[in-house]
Amino acid sequence: MGFLENSNLNNMGITLELKNIDKSFDGLKIINNLSFKLQKETITGLFGENGSGKTTLFNIISGFLKPDSGEIVYKEKLLISNYSPSEISKAGIGKVWQKPRVFMNLSLEDNLLVASTQHPGINFLNYIINPIDIFKKENSLKEKAKYLIEDVGLLNDSNKVAGELSFGQQKLLSIAMLLMNDSDLLMLDEPFAGVHLKMIEHISEVLLSLKNQGRQFI
């Protein structure tokens, strides 16, 4: 397993730091004493053959697996090694799975609204106590969803349901769903697998644009 980075790393702050990460399954060591730092506004490529530990590492960073030993520090102050996946998501780290996890029968806008963790209606009592606040927040989230749909290049398909999108477009929708919660660090598991060449070029342009807005990618 190795790393490729496409950005100038001079004089940039550290976003993510892994310190001496180990992980084994049934006595087989998959990750051995791994340490690296991820800097702001970078796109870092993780590469290696099948079974080399790439997805395992993604799952450790996103909290779906716990390391056997070592520490993960986010934004130079949050020790997230023992955080739950939801806590890590709220901290600003999002993951796009290799197969997009979208709601096929919902519109693009509704996919983004469902993905949002900022809706006050999560607490049902707010519908009774603060209906006006909920109405205002819903309008705000809808505006944000429309902006993100345009930002990832899906504006021309905004009247479709997610199941009508191509595989590559569904991956873009997945990225937009993470951005609904203001993810700063996005982990993309094989974002170009099974995607047409022209869509690969489009996804690449979107990632570079988001990087220039201050986000980081693995």
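Values in this document were obtained by computation on a predicted structure and should not be read as measured data. One is the number of the first residue; the rest follow in order along the sequence.
- A chain of hydrophobic side-chain contacts below 4.5 Å, direct or via other Ile, Leu, Val, Met, Phe, Trp or Tyr residues, connects Val114 to Ile149.
- Rounding to the nearest 0.5 Å places CG of Leu165 at 13.5 Å from NZ of Lys171.
- Sparse packing is recorded around CG of Asn105, with 12 or fewer heavy atoms of other residues, nucleotides or ligands lying under 6.0 Å away.
- Counting all heavy atoms, side chain and backbone alike, Val102 lies closest to Ser174 at CG1-OG, 3.6 Å.
- No side-chain donor-acceptor contact under 3.5 Å links Glu41 to the backbone of Gln216.
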May I have the list of side-chain donor-acceptor pairs in residues 90-99 shorter than 3.5 Å, sequence neighbours left out?
residue : atom : partner : partner atom : Å
Lys95   : NZ   : Asn59   : OD1          : 2.4
Gln98   : NE2  : Glu190  : OE1          : 3.4

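- Scanning for salt bridge (Lys or Arg N to Asp or Glu O under 4.0 Å) contacts around Asp110 gives an empty result, with sequence neighbours left out.
- Linking Ile, Leu, Val, Met, Phe, Trp and Tyr residues whenever their side-chain heavy atoms come within less than 4.5 Å places Leu34 and Phe25 in a single cluster.
- Within 6.0 Å of CZ in Phe135 there are 12 or fewer heavy atoms belonging to other residues, nucleotides or ligands.
- Listed by chain and residue number, Asp157 satisfy the salt bridge (Lys or Arg N to Asp or Glu O under 4.0 Å) test with Lys160 (two or more places apart in sequence, or in another chain).
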Next item on the list: Take Ile218 and Phe58 through the test side-chain contact (heavy atoms from CB on, under 4.5 Å) and record every step on the way to the result.
Entry: CA-CA 9 Å; Ile218 305 178; Phe58 270 28; 3.6 Å; yes
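- Distance CG/Leu106 to CG/Leu113: 9.5 Å, rounded to 0.5 Å.
- In terms of heavy atoms, Ile88 sits closest to Ile80 at CD1-O, 4.0 Å.
- For the side-chain hydrogen bond (donor to acceptor under 3.5 Å, both in side chains) test, residues two or more places apart in sequence or in another chain that qualify with Asn33 are Asn20.
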Notebook entry, point to check: What's the verdict on side-chain contact (heavy atoms from CB on, under 4.5 Å) for Ser52 and Phe47, showing C-alpha distance, side-chain angles and the deciding distance?
Noted result: CA-CA 9 Å; Ser52 62; Phe47 64 95; over 6 Å; no
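- Rounded to the nearest 0.5 angstrom, Asp151 CG and Ser209 OG are separated by 5.5 Å.
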Check: Could you walk me through whether Asp189 and Lys54 pass the salt bridge (Lys or Arg N to Asp or Glu O under 4.0 Å) check?
Finding: CA-CA 9 Å; Asp189 193 352; Lys54 303 184 299 297; over 6 Å; no
Using atom types as modelled, flag every donor-acceptor pair under 3.5 Å from a side chain in residues 64-71 to any protein atom, sequence neighbours excluded.
residue : atom : partner : partner atom : Å
Lys66   : NZ   : Tyr83   : O            : 2.2
Asp68   : OD2  : Ser24   : N            : 2.7
Ser69   : OG   : Asp22   : OD2          : 2.9

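- Remark: Ser166 engages Gln169, Met199 in a side-chain contact (heavy atoms from CB on, under 4.5 Å) (not counting sequence neighbours).
- Linking Ile, Leu, Val, Met, Phe, Trp and Tyr residues whenever their side-chain heavy atoms come within less than 4.5 Å leaves Leu155 and Ile175 in two separate clusters.
- Scanning both residues, Gln170 and Ala162, for their nearest heavy atoms gives NE2-O, 3.3 Å.
- The closest side-chain heavy-atom distance from Leu173 to Leu154 is below 4.5 Å.
- Here the shortest heavy-atom pairing between Phe36 and Leu57 reads CE2-CD2, 4.1 Å.
- For the residue pair Lys144 and Met180, the shortest heavy atom distance occurs at NZ-O, 2.9 Å.
- Proximity of Lys23 to Ile60: side-chain heavy atoms (C-beta onward) are separated by under 4.5 Å at one or more points.
- Cluster annotation: Leu79 is not connected to Ile21 through the hydrophobic network of ILVMFWY side chains, with a link wherever side-chain heavy atoms come within less than 4.5 Å.
- Atom OG of Ser116 and atom NZ of Lys142 lie 13.0 Å apart (nearest 0.5 Å).
- Distance CD/Glu201 to CD1/Ile203: 11.0 Å, rounded to 0.5 Å.
- One finds the CE atom of Met177 at 13.0 Å from the CG atom of Leu172 (value rounded to the nearest 0.5 Å).
- Without hydrogens or angle criteria, Glu143 side chain to Ser140 main chain gives no donor-acceptor distance under 3.5 Å.
- Panel note: side chain Ser107, backbone Val161; no donor-acceptor pair is recorded below 3.5 Å.
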Next item on the list: Show the numbers, then the answer: is there a side-chain contact (heavy atoms from CB on, under 4.5 Å) between Leu16 and Val73?
Entry: CA-CA 6 Å; Leu16 184 75; Val73 180; over 6 Å; no
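- Under a hydrophobic clustering in which Ile, Leu, Val, Met, Phe, Trp and Tyr are joined whenever their side-chain heavy atoms come within less than 4.5 Å, directly or via other members, Leu208 and Val195 fall into the same cluster.
- Checked by atom type and distance alone, the side chain of Ser183 pairs as donor or acceptor with a backbone atom of Leu178 at under 3.5 Å.
- Atom OH of Tyr147 is surrounded by 12 or fewer heavy atoms from other residues, nucleotides or ligands within 6.0 Å.
- Taking each heavy atom of Leu38 and Phe217 in turn, the nearest pair found is CD1-O, 4.4 Å.
- Between the side chain of Thr42 and the main chain of Gln39, a donor-acceptor pair closer than 3.5 Å is present.
- Each of Arg215, Lys40, Lys75 was scored for a salt bridge (charged side-chain N to carboxylate O under 4.0 Å, His left out) with Asp184, with one residue passing: Lys75.
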Item checked: Intermediate values then yes/no, side-chain contact (heavy atoms from CB on, under 4.5 Å), Leu207 and Leu188 -> CA-CA 10 Å; Leu207 298 186; Leu188 313 181; 3.7 Å; yes
